[in-house]
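Below is one structure, written out as structure tokens; the observations come after it.
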Amino acid sequence: MRIGISCYPTVGGSGAVATELGKALAHKGHQVHFIVTDVPFRLGEFHQNIFVHEVETTSYPVLRTPPYDFSLAALMADIISQYDLEVLHVHYALPFAVSAFLAKQMVPDHPVRVVTTLHGTDVTVLAQDKSLYNVIRLGIEKSDYVTAVSNSLVSQTKELFETDKFIQCVYNFVDTELFHPVNDVRLRGCFAQPEEKILLHISNFRKVKRITDVIDIFARVNEQIPSKLLFVGEGPELPAARTLVKEYRLDGRVRFLGNQDEVAPLLAAADLFILPSEKESFGLVALEAMACSIPVVGSNAGGIPEVVIHGETGYLADVGNTEEMASYAIRLLSDPELYQRFAQAGRLRAQAHFSIHDKISEYEDIYERLTQGVQI
Ligand code: GMT
């Protein structure tokens with residue numbers, strides 16, 4: 001098939017999922033066209049079935065802001081016609097589903113079908129803003145098919161927009177050959193002494209990630225079990241995190257590694273992944289940790305409980321309850337038998353329920369049914 005994909009190309013779960021989906025589809029022989037502002041961060045090596053079309057925006061003195069969403073829509077329309085796309089799969093309602101809707105108006109005779117995947121923030125954060133609610137709703141309503149990355153996000157979307165539109169849950173996925181357990185003593189040695197445990201958090205440091213909770217949990221754990229905390233990522237809460245680390249006098253125990261292209265080795269080198277988010281539609285990085293046999297301790301927000309099974313592959317507590325999260329972390333880190341059980345169960349769960357091969361087939365099935373006009 002000829003498939004267009006639009007996503008945010010920067011570091012983040014939705015970009016990672018869209019890019020891995022495109023790569024996997026291309027490897028299966030589909031022609032994949034990324035319509036993006038920049039080359040997606042996980043695209044990697046050249047592949048003959050992958051084309052990248054970058055949106056160019058011009059700014060004119062009369063316009064206060066560059067007309068990015070319109071340039072995107074115009075480029076989508078061009079690519080739809082030029083390559084005779086059968087499907088345009090956009091990741092995020094805003095702006096992609098709306099731009100795709102506009103693009104379709106520009107090529108009214110073309111049978112391209114638009115699939116929108118909701119990843120969370122467009123519904124749980126942006127749609128709370130009155131000025132964006134209706135435009136996000138339009139993008140969802142006008143899509144030919146809508147998926148969301150967890151059942152929690154399906155329910156939240158239906159409730160918030162009071163819509164009867166069918167929304168299919170297609171879980172995110174992980175490549176368990178890329179994300180797998182490794183006993184890399186050398187890498188561990190870069191961060192911790194052999195007797196110390198390594199706690200890890202990876203995110204874009206937005207407020208919803210509750211970075212200060214990560215530090216609070218770590219401080220409590222470190223009082224009982226000598227540990228190190230690694231932070232991967234950058235974002236608005238980074239200065240607050242640095243300040244709190246200083247206040248807690250944990251400077252020597254916490255490392256900020258910034259954005260990293262390759263997170264799999266870091267996940268595999270850690271002992272515990274911490275994800276205390278206030279909102280999280282899925283928590284892709286928790287799944288990646290589980291695939292590396294790293295248990296997760298975090299909050300039971302949004303879709304996290306659909307990924308991390310409390311008492312089996314990790315422990316979850318209410319948002320903000322850092323005391324309970326810390327006690328779970330201590331329980332896991334001080335009981336090797338329990339730890340091993342959780343570590344193995346996480347990997348097995350990732351393989352059994354979130355395999356990249358199964359999820360790619362689910363998307364292919366949607367594309368085929370849509371283009372063949374099967375009533376869905
Ligand atoms: O978590 C973020 O802030 C990044 C965001 C994104 O746009 O990439 O992640 C969202 O999509 C991911 C992939 O579907 C999900 O795993 C994350 O849970 C979701 N983030 C939120 O819902 C806050």
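Remember, it's 1-based here, ligands and their atoms both numbered in the order they're listed.
Listed by number with element, the atoms of ligand 1 under 4.0 angstrom from any heavy atom of Gly12 are 8 (O). Residue Asn172 approaches ligand 1 through these ligand atoms, each under 4.0 Å from one of its heavy atoms: 13 (C), 14 (O), 16 (O). Each of the following atoms of ligand 1 lies closer than 4.0 Å to a heavy atom of His119: 10 (C), 11 (O), 13 (C), 14 (O), 19 (C), 22 (O). Below 4.0 Å from some heavy atom of Arg206 lie the following atoms of ligand 1, by number and element: 2 (C), 3 (O), 23 (C). Taking every non-hydrogen atom of Lys209 and a distance limit under 4.0 Å, the qualifying atoms of ligand 1 come out as 1 (O), 2 (C), 3 (O). Close contacts of ligand 1 with Asn204, meaning ligand atoms under 4.0 Å from a residue heavy atom, involve 2 (C), 3 (O), 4 (C). Of all atoms in ligand 1, numbered sequentially from 1 with element shown, those under 4.0 Å from a heavy atom of Gly13 are 6 (C), 8 (O), 12 (C), 13 (C). Atoms of ligand 1 lying under 4.0 Å from any heavy atom of Leu284, numbered from 1 in the order shown and given with element: 16 (O).
Using a 4.5 Å heavy-atom cutoff, the side chains of Ile360 and Leu25 are in contact.
Between the side chains of Asn49 and His27, not a single donor N or O lies within less than 3.5 Å of an accepting N or O. Under the 3.5 Å distance criterion, with hydrogens and angles disregarded, no donor-acceptor pair is assigned to the side chains of Glu86 and Tyr367. Under 3.5 Å, the side chains of Ser152 and Gln156 contain a donor-acceptor pair of N or O atoms. Using modelled atom types and a 3.5 Å distance limit, the side chains of His33 and Gln31 yield a donor-acceptor pair.
Note: Phe256 and Phe231 have parallel aromatic rings, judged against thresholds of 30 and 60 degrees for the angle between ring planes. In this structure, Phe205 and His201 have perpendicular ring planes: the angle between them is above 60°, well past the 30° mark.
Looking at Val208 next to ligand 1, no N or O pair under 3.5 Å apart turns up. The shortest N/O to N/O separation between Gly283 and ligand 1 falls below 3.5 Å. Ligand 1 has no N or O atom lying under 3.5 Å from any N or O atom of Gly15, backbone or side chain. At under 3.5 Å, not a single nitrogen or oxygen of Thr121, backbone or side chain, sits near a nitrogen or oxygen of ligand 1. Taking any N or O of Thr124, backbone or side chain, none lies under 3.5 Å from an N or O belonging to ligand 1. Checking only distances, Gly120 never comes within under 3.5 Å of ligand 1, N or O to N or O.
Counting heavy atoms closer than 4.0 Å to ligand 1, residue Tyr92 contributes side-chain atoms (C-beta onward) but none from N, CA, C or O. When heavy-atom distances to ligand 1 are checked against a 4.0 Å cut-off, Lys279 comes that close only through its backbone atoms N, CA, C and O. Here Val125 has no heavy atoms under 4.0 Å from ligand 1, in either its backbone or its side chain. With a 4.0 Å cut-off on non-hydrogen atoms, Val149 touches ligand 1 through its side chain and not its backbone.
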> Should Tyr145 and Gln168 be marked as a side-chain hydrogen bond (donor to acceptor under 3.5 Å, both in side chains) after you check the CA-CA gap, both sets of side-chain angles, and the distance that decides it?
Replying inline: CA-CA 8 Å; Tyr145 202 79; Gln168 181 178 340; 2.4 Å; yes
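Glu364 has a carboxylate O that lies under 4.0 Å from a charged side-chain N of Lys28, or vice versa, which qualifies the two as a salt bridge.
Side-chain atoms of Lys158 come within 3.5 Å of backbone N or O of Lys165 as a donor-acceptor pair.
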Solution key, residues 267-277 side-chain donor-acceptor pairs under 3.5 Å, sequence neighbours excluded:
from	atom 1	to	atom 2	distance (Å)
Asp271	OD1	Arg188	NH1	3.1
Asp271	OD2	Arg188	NH1	3.1
Asp271	OD2	Arg188	NH2	3.1
Asp271	OD2	Ile198	N	2.7
Ser277	OG	Glu280	OE1	2.6

